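Please read these numbers as outputs of a predicted model, since none were measured by experiment.
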Amino acid sequence: GSAISKRAKMLRTAALLLMALPSVAAMHRCHAVGATSRPTSLGLAFAGSSPLLRARSNLGGAGGRSQAPRGICGLAMQNRDYKKYGTEFDLLDGKDFDLLSLRSFRREAKLKYSNLNQSEPLRIYLSALLFFFAVSYQKIAAAIGEPVTDMQKLQQVAVALPSLALFLRERGRRTAQLVRMDKECAIGDLQVTLKDAMSGTSKPFKVRELRGKRRLMAFYGSKEYLAKELTAAAVYRRRYLSSQMAILAVPTDGSSRKDWGLPDGAEGTRGNWLWDIGGVDEWIEYFETILEGKLDTSDETGGWIALNMKGRSCASGLGSPIIDELLGSKMPPLNLLEETDAPTIGDEASDIRDIYEMQERFYSCLTEGKVDEMLGLWGEGDDEGVSEFVGLGGRLDPWDNQLKDGSRPEGMVVMNKDALLVDDNFAITTCIEVPATGAGQTLLATQRWRR
């Protein structure tokens with residue numbers, strides 16, 4: 001008994017010495033580099049120089065409040081300016097190898113998967129463990145000298161096959177989810193550039209850095225596709241500001257802003273809504289990955305994707321998006337809407353004033369029931385949006401029914417008007433409608449005018 005007690009004491013002493021060695025090494029390293037000894041809020045010692053360890057130590061120190069004695073360096077920490085030394089570390093940046101899928105995924109995708117699926121990996125590991133024990137049953141029995149009957153062999157097969165099937169199914173589902181999330185997170189690594197209209201300076205951002213700050217909508221396609229879609233999107237330039245949204249263009253043919261032929265005044269006067277992209281090849285590779293060849297088998301020449309404030313895809317498609325519906329449903333205003341109208345400046349000012357007058361006449365007819373004047377304003381040709389509405393089963397009532405007492409929107413307020421002269425014969429206007437009986441709700445309206 002005394003011998004066992006002595007051995008136990010010797011083991012405890014050796015363990016204490018081994019535990020003390022890292023602290024002694026850390027103290028020696030700390031003083032060797034000339035660090036001063038001062039109280040610290042952490043009681044752990046890291047002797048490594050991995051950025052991940054430094055990041056974890058910073059995260060762990062937020063909750064601790066115990067003070068170490070003076071003269072003892074319990075943790076070698078450096079308040080280092082990572083940007084200055086060019087060694088900044090982002091916990092979400094980069095990829096890690098996934099053992100179950102036998103491929104690498106972005107850390108952000110794996111973190112998102114872990115937050116949404118906490119029990120699925122456990123089922124995968126349990127089914128794999130059950131399969132391993134089932135196929136190893138005969139060897140284990142032989143090792144301990146136990147005989148194996150024919151019934152036990154059948155039971156072995158009955159356990160091994162279902163557990164293997166469960167493992168493969170759950171592993172396949174997990175891999176598919178990680179692949180989808182990895183594609184969604186891939187856009188976070190891409191770059192955009194904001195050019196200041198006043199100073200002319202440009203500032204690059206990763207898409208990930210804009211989360212919580214900007215919504216994004218990116219168009220991808222040829223010069224002709226971008227020219228068409230950006231012209232249609234330009235009229236909502238004021239809406240993008242209130243929705244904290246930026247538009248991006250990804251050309252597939254090397255074209256640039258000057259090749260897209262935006263109308264005069266499309267840039268706006270209150271901020272730049274059309275941002276530049278950095279690394280065109282990376283953006284093209286991203287769109288090719290998410291489209292998976294769908295554009296090649298379609299009649300459309302381009303596609304688009306919209307990201308919400310969290311950086312997640314909230315809408316996407318091929319061809320032309322219905323931007324006013326997207327702004328109303330997916331990207332409503334975040335800033336306070338102004339009642340004032342957009343300013344009319346430049347050479348097109350007189351034409352814009354004429355368009356505003358036509359818009360005012362339209363709403364005067366709509367709210368006051370002027371049927372004859374409304375019929376004179378309305379064009380003869382078919383509108384694409386109206387035709388689609390009718391094709392889906394909608395019904396168009398004649399103006400005399402819509403504008404009669406009790407049916408027309410009396411008392412509706414129209415504010416925040418904007419207009420864009422696309423060419424000499426075509427213009428687009430937008431405004432915010434506030435119905436008198438809408439309990440403060442607002443509607444985004446768009447009108448198209450032709451000579």
Side-chain angles (χ1 to χ4, degrees), residues 11 14-15 18-19 22 44 46-48 50-57 59-60 89-189 208 211 285-294 305 310-314 316:
L11 289 174
L18 289 173
M19 293 173 64
L44 301 176
F46 294 105
S50 169
L52 181 57
L53 291 179
R54 287 197 293 269
R56 286 178 177 172
S57 65
L59 292 172
F89 185 79
D90 188 353
L91 287 173
L92 298 180
D93 197 11
K95 293 185 176 183
D96 286 333
F97 184 77
D98 184 70
L99 185 61
L100 284 176
S101 303
L102 299 179
R103 57 180 294 180
S104 296
F105 294 104
R106 288 173 175 79
R107 295 191 184 101
E108 183 181 5
K110 295 183 68 176
L111 179 61
K112 184 186 296 186
Y113 173 84
S114 299
N115 292 334
L116 297 176
N117 303 275
Q118 298 183 359
S119 62
E120 191 173 53
L122 180 61
R123 293 198 303 270
I124 297 174
Y125 285 119
L126 287 178
S127 59
L129 188 63
L130 187 60
F131 172 75
F132 172 78
F133 279 118
V135 297
S136 305
Y137 176 75
Q138 294 188 34
K139 293 184 177 180
I140 296 174
I144 62 177
E146 290 289 336
V148 179
T149 64
D150 293 338
M151 180 59 68
Q152 288 174 333
K153 291 180 180 179
L154 291 176
Q155 291 174 348
Q156 177 186 3
V157 175
V159 171
L161 291 180
S163 59
L164 177 61
L166 180 63
F167 169 77
L168 294 176
R169 187 191 70 176
E170 296 297 327
R171 175 184 175 274
R173 289 179 177 178
R174 177 180 180 273
T175 301
Q177 287 191 61
L178 281 171
V179 169
R180 177 179 57 82
M181 292 179 179
D182 193 67
K183 289 181 180 179
E184 292 180 353
C185 296
I187 198 170
D189 298 330
R208 186 185 300 112
R211 292 174 184 170
E285 182 181 359
Y286 168 76
F287 270 98
E288 289 178 347
T289 301
I290 63 174
L291 287 175
E292 298 178 339
K294 295 178 182 178
I305 185 172
K310 295 181 179 180
R312 299 175 183 173
S313 173
C314 60
S316 61

field: Shortest non-hydrogen contact between Pro162 and Val157, atoms and distance
entry: CD-O, 4.1 Å

- prompt: Distance from Phe167 atom CZ to Leu129 atom CG, nearest 0.5 Å?
  reply: 11.5 Å

query: Is any side-chain heavy atom of Ile140 less than 4.5 Å from a side-chain heavy atom of Phe133?
result: yes

Whether over 12 other heavy atoms sit under 6.0 Å from Gln138 CD: yes

message: Just verifying a value: how many Å separate Leu154 CG and Thr149 OG1, rounded to the nearest 0.5 Å?
response: 8.5 Å

- request: Please test Phe131 against Val159 for side-chain contact (heavy atoms from CB on, under 4.5 Å), starting from the C-alpha separation and ending with a verdict.
  value: CA-CA 7 Å; Phe131 172 75; Val159 171; over 6 Å; no

- line: Sorted by chain and number, sequence neighbours left out, side-chain contact (heavy atoms from CB on, under 4.5 Å) with Asp98 holds for Leu100, Ser101, Phe105, Lys110, Arg174, Leu178

- prompt: Run the side-chain contact (heavy atoms from CB on, under 4.5 Å) check on Gln156 and Gln152 step by step: do they pass?
  reply: CA-CA 6 Å; Gln156 177 186 3; Gln152 288 174 333; over 6 Å; no

query: Can you tell me how far CG of Leu164 sits from CG of Leu130, rounded to the nearest 0.5 angstrom?
result: 10.5 Å

- request: Could you tell me the separation between the OG atom of Ser316 and the CD1 atom of Ile290, rounded to the nearest 0.5 Å?
  value: 7.0 Å

field: Euclidean distance, Ile124 CD1 relative to Thr175 OG1, rounded to 0.5 Å
entry: 7.5 Å

task: Report the C-alpha distance between Asp189 and Tyr286 in whole Å, list the side-chain angles of each, state the deciding distance to 0.1 Å, and finish with yes or no for side-chain contact (heavy atoms from CB on, under 4.5 Å).
output: CA-CA 10 Å; Asp189 298 330; Tyr286 168 76; over 6 Å; no

message: Measuring only between side-chain heavy atoms, which start at C-beta, is Leu102 closer than 4.5 Å to Arg171?
response: yes

- line: In this structure, OH of Tyr137 is separated from CD of Glu146 (nearest 0.5 Å) by 7.5 Å

